[in-house]
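Working notes, beginning with the structure itself.
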Amino acid sequence: MHVGLVHYLTLGAILFALGLFIVMSRRNAIVMLMGVELILNSAALNFVAFGRYGAADLSGQLMTIFIIVLAAAEAAVALAIVLAIFRNFQTVHVEQVDRLRH
Amino acid sequence: MTGDLIWYLFAAITVAAGLVVAFSRSVVHSGMSLLFALLGVCAMYLFLGADFLAITQIVVYVGGILVLVLFAVMMTNRIMSTKLHDELVQPVPALAVSAVVLALMLLTIFRTAWPLAALGESQPTTAALGQKILTQYLFPFEFTSVLLLVAMIGAAMIIREKRDKEDTR
């Protein structure tokens with residue numbers, strides 16, 4: 001079968017499901033963040049695929065640029081929070097972080 | 001066709017790397033195979049004719065986010081300890097929910113008649129993207145730069161050691 005829009009959408013769906021599984025089944029905050037990155041990547045891939053096959057202009061790629069920027073900002077802030085949690089709790093296991101004050 | 005075969009190869013690499021991220025017990029293995037998943041998505045951008053995005057994917061994700069993630073892994077685990085392992089929690093319900101979501105998405109993808117435009121020749125996109133960003137998308141662009149600044153300051157504030165509290169005790 002010739003590679004077309006459906007192939008990219010399928011790949012995006014698989015990546016999304018994997019990211020969803022990671023976020024649900026892991027309790028290490030850093031690995032959960034990796035799952036979020038996979039989900040963002042699958043969404044970005046869908047935008048580019050629709051931009052190429054559906055709209056046939058650059059709008060999908062522009063949206064993906066903004067997604068990448070937001071992913072970078074999110075990763076920086078989230079990892080800073082993770083390191084701050086580790087300094088206070090000596091763990092990144094999200095179920096052991098159950099106190100609001102230390 | 002050779003191009004399709006290469007596409008399937010890269011898609012298989014992407015999915016396999018994603019599976020390793022999902023099921024590997026070792027946090028470091030997850031991080032390293034995330035590298036291959038991101039490179040696979042980069043290859044997909046190249047197949048879609050998005051050359052600027054492919055380079056951005058490598059620079060930002062592989063050069064930035066992945067390095068940050070690996071730094072965080074190393075700083076939050078003592079390398080000699082065995083705590084680099086992370087067990088799956090309730091894998092069966094999580095797998096069931098993910099499978100149902102995947103099935104629904106695949107059903108939608110294959111049932112829908114997507115309106116397809118005529119495929120043009122792939123052109124270099126960098127100049128056109130720059131034109132669009134500085135004209136039609138100027139406000140989101142400037143807003144994004146402010147957001148990046150806020151995120152940078154926020155991350156630095158969160159991670160800062162609170163020295164003065166220790167001094168005044």
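This one's a predicted model, so the numbers in the text were calculated from it and none came from an experiment. Lettering follows sequence order; numbering is per chain, from 1.
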Open item on the list: Under 4.5 Å from any heavy atom of chain B, what part of I65(A) do you find: side chain, backbone, both or neither?
Closed with: both

- [ ] Under 4.5 Å heavy-atom distance to chain B, tell me which part of A71(A) shows up: side chain, backbone, both or neither.
- [x] both

Open item on the list: Quick check on S42(A) against chain B: is it the side chain, the backbone, both or neither that has a heavy atom closer than 4.5 Å?
Closed with: neither

Open item on the list: Using heavy-atom distances under 4.5 Å, tell me whether P115(B) contacts chain A through its side chain, its backbone, both, or neither.
Closed with: backbone

Open item on the list: Please identify, among L95(B), T112(B), L66(B), the residue contributing the most non-hydrogen atom pairs under 4.5 Å to chain A.
Closed with: L95(B)

Task: Contacting region of F66(A) [heavy-atom separation from chain B under 4.5 Å] - done: side chain

Task: Segment of A78(A) engaging chain B (4.5 angstrom heavy-atom cut-off) - done: neither

TODO: Check each atom of A37(B) against the heavy atoms of chain A and say whether the ones under 4.5 Å are side chain, backbone, both or neither.
DONE: side chain

Task: Any I68(A) side-chain heavy atom under 4.5 Å of L53(B) side chain - done: yes

TODO: Mind ranking F141(B), F47(B), Y137(B) by heavy-atom pairs under 4.5 Å with chain A and telling me who comes out on top?
DONE: Y137(B)

Task: Contacting region of M105(B) [heavy-atom separation from chain A under 4.5 Å] - done: side chain

Task: Any L45(A) side-chain heavy atom under 4.5 Å of L48(B) side chain - done: yes

TODO: Report yes if the side chains of R87(A) and I159(B) come closer than 4.5 Å at any heavy-atom pair, otherwise no.
DONE: yes

Open item on the list: Is Y8(A) in contact with chain B via its backbone, its side chain, both, or neither, using a 4.5 Å heavy-atom distance?
Closed with: both

- [ ] Heavy-atom distances under 4.5 Å only: say whether V60(B) touches chain A with side chain, backbone, both or neither.
- [x] side chain

Open item on the list: For Q131(B), is the CD atom crowded, meaning more than 12 foreign heavy atoms sit under 6.0 Å from it?
Closed with: no

Task: Under 4.5 Å from any heavy atom of chain A - which part of V21(B) - done: both

TODO: Find out whether L147(B) and L70(A) are in side-chain contact, i.e. whether some heavy atom of one side chain is under 4.5 Å from a heavy atom of the other.
DONE: yes

Task: chain B contact via V31(A) - which portion, at a heavy-atom distance below 4.5 Å - done: side chain

Task: chain A contact via Y61(B) - which portion, at a heavy-atom distance below 4.5 Å - done: side chain

Open item on the list: Does F47(A) have more than 12 heavy atoms from other residues, nucleotides or ligands lying within 6.0 Å of its CZ?
Closed with: no

Task: L19(B) versus chain A, the contacting section by heavy-atom distance below 4.5 Å - done: both

Task: Atom pair CD (Q61(A)) and CZ (F52(B)), whose distance is rounded to the nearest 0.5 Å - done: 9.5 Å

Task: Residue part contacting chain B, namely of V69(A), when any heavy atom lies under 4.5 Å - done: both

TODO: Could you grab the distance from atom CD1 of I158(B) to atom CG of L83(A), nearest 0.5 Å is fine?
DONE: 10.5 Å

Open item on the list: Which atoms of L15(A) are under 4.5 Å from chain B, going by heavy atoms: the side chain, the backbone, both sets, or neither?
Closed with: side chain

- [ ] Please flag which part of I81(A) lies under 4.5 Å from any non-hydrogen atom of chain B: side chain, backbone, both or neither.
- [x] both

Task: Portion of F23(B) that has a non-hydrogen atom of chain A nearer than 4.5 angstrom - done: both

